[in-house]
Amino acid sequence: MILCANFKANKTRQETRAYMAVVESFVAVNEIEDTVIVFPPFTALEHTPRNVLIGVQNAYPVSNGAFTGEIALEQLEEFDIKTILIGHSERRHVLGETQEQIAEKFRFFSEQGFAIVYCVGEPLTIREQGNEALMCYIDDQFVGIDLSYPDLIVAYEPVWAIGTGLTPSNKEIEAVHTALRLKTTAPLLYGGSVKVDNAGEIMALSNVDGVLVGSASLSANDFCEMIAQAAELKQ
Ligand code: 13P
């Protein structure tokens with residue numbers, strides 16, 4: 001399983017340090033073999049070898065240059081960051097990233113050998129139109145994306161499930177993941193209102209290879225509990 005914590009614009013550097021100490025020790029003590037990735041804000045990046053991978057939530061697809069307010073490859077290299085989240089719904093819908101810009105990011109960071117957690121997901125109006133419309137919408141989010149990239153992880157995050165406490169039914173999650181499995185052999189994560197109460201059952205679904213957790217990952221103890229649930233699934 002792959003378990004990702006996306007902090008978004010939450011937690012200070014000090015809070016992230018304290019959080020990482022808890023999660024890293026949990027992973028070490030329990031000899032966790034699943035992949036655990038934390039995406040903190042840029043200000044909390046540290047240059048420390050870790051048993052938990054650190055990724056960035058975004059970056060600009062250049063080595064360096066005149067791009068006010070952005071962070072580029074050179075700054076990530078300083079922290080040995082080789083993992084990035086691309087295509088997250090908040091970047092698409094709140095920050096206005098276009099598919100073209102997203103595909104350019106994907107191209108640049110795949111050429112740099114980054115592990116890419118690539119997010120797709122439909123708004124509620126599309127889901128209400130049925131499965132065909134839903135998969136069509138997701139297909140558009142794959143335009144310009146190399147689905148055979150070896151370090152690709154795909155995260156299915158329905159927009160209407162993010163931060164709302166709503167989730168698709170297990171059957172609905174399975175249906176989308178089964179359709180995604182026909183498109184790529186990449187691991188498939190589910191994201192959107194994952195919490196301690198539903199993480200175990202979601203990870204047990206077929207073609208679900210892990211979870212991408214927002215709000216509920218902000219508690220180190222809750223995130224560790226989800227990591228424990230993943231470990232239990234193997235037994
Ligand atoms: P929530 O877990 O808060 O719904 O957020 C999901 C998400 O966007 C993770 O990237």
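Indexing begins at 1, ligand by ligand and atom by atom, following the structure's order.
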Both conditions, 6.0 Å and 45 degrees, for the charged tip of Lys105 above the ring of Phe108: are they met here? no

Yes or no: does Gly163 have any heavy atom under 4.0 Å from an atom of ligand 1? yes

Under 4.0 Å, counting heavy atoms only: does Ala216 come that close to any atom of ligand 1? no

Test of understanding: given a 4.0 Å heavy-atom threshold, classify the contact between Ile162 and ligand 1 as side chain, backbone, both, or neither. both

Applying a 4.0 Å heavy-atom criterion (strictly less than), which segment of Ala161 is in contact with ligand 1: side chain, backbone, both, or neither? backbone

Heavy-atom proximity to atom 7 (C) of ligand 1, best of Lys195, Glu90, Glu157: Glu157

Is any side-chain heavy atom of Ile102 closer than 4.5 Å to one of Ile86? yes

So that I can tick it off, tell me whether Arg91 and Glu97 are bridged by a salt bridge, with the cut-off set at under 4.0 angstrom between side-chain N and carboxylate O. yes

Need the ligand 1 atom indices (1-based, order shown) with element for anything under 4.0 Å from a heavy-atom of [X].
X      : result
Asn6   : 9 (C), 10 (O)
Ser215 : 1 (P), 2 (O), 3 (O)
Lys8   : 5 (O), 6 (C), 7 (C), 8 (O)
Ser193 : 1 (P), 2 (O), 4 (O)

Look only at interatomic distance and state if [X] has a nitrogen or oxygen under 3.5 Å from any nitrogen or oxygen of ligand 1.
X      : value
Leu212 : no
Thr164 : no
Val213 : no

Can you tell me which residue among Tyr19, Phe223, Phe42, Phe39 is in a ring pair (Phe, Tyr, Trp, His ring centres under 6.0 Å) with Phe7? Tyr19

Can you report which non-hydrogen protein atom sits closest to atom 10 (O) of ligand 1, along with the distance? His88 NE2, 2.8 Å

Tell me: protein heavy atom nearest atom 2 (O) of ligand 1, and distance? Gly214 N, 2.9 Å

Assess, by modelled atom type and distance only, whether the side chains of Ser219 and Asn221 contain a donor and an acceptor separated by less than 3.5 Å. no

Just checking, any donor-acceptor pair under 3.5 angstrom between side chains of Gln99 and Asp140? no

For atom CG of Asn131, decide whether the heavy atoms of other residues, nucleotides or ligands shown that lie under 6.0 angstrom number more than 12. no

Hey, is CD on Glu111 packed in by over 12 heavy atoms from elsewhere, all under 6.0 Å? yes

After noting the C-alpha distance and the side-chain angles of Ser206 and Glu174, does the key distance pass the side chain to side chain donor-acceptor pair (under 3.5 Å) rule? CA-CA 6 Å; Ser206 59; Glu174 241 172 17; 3.3 Å; yes

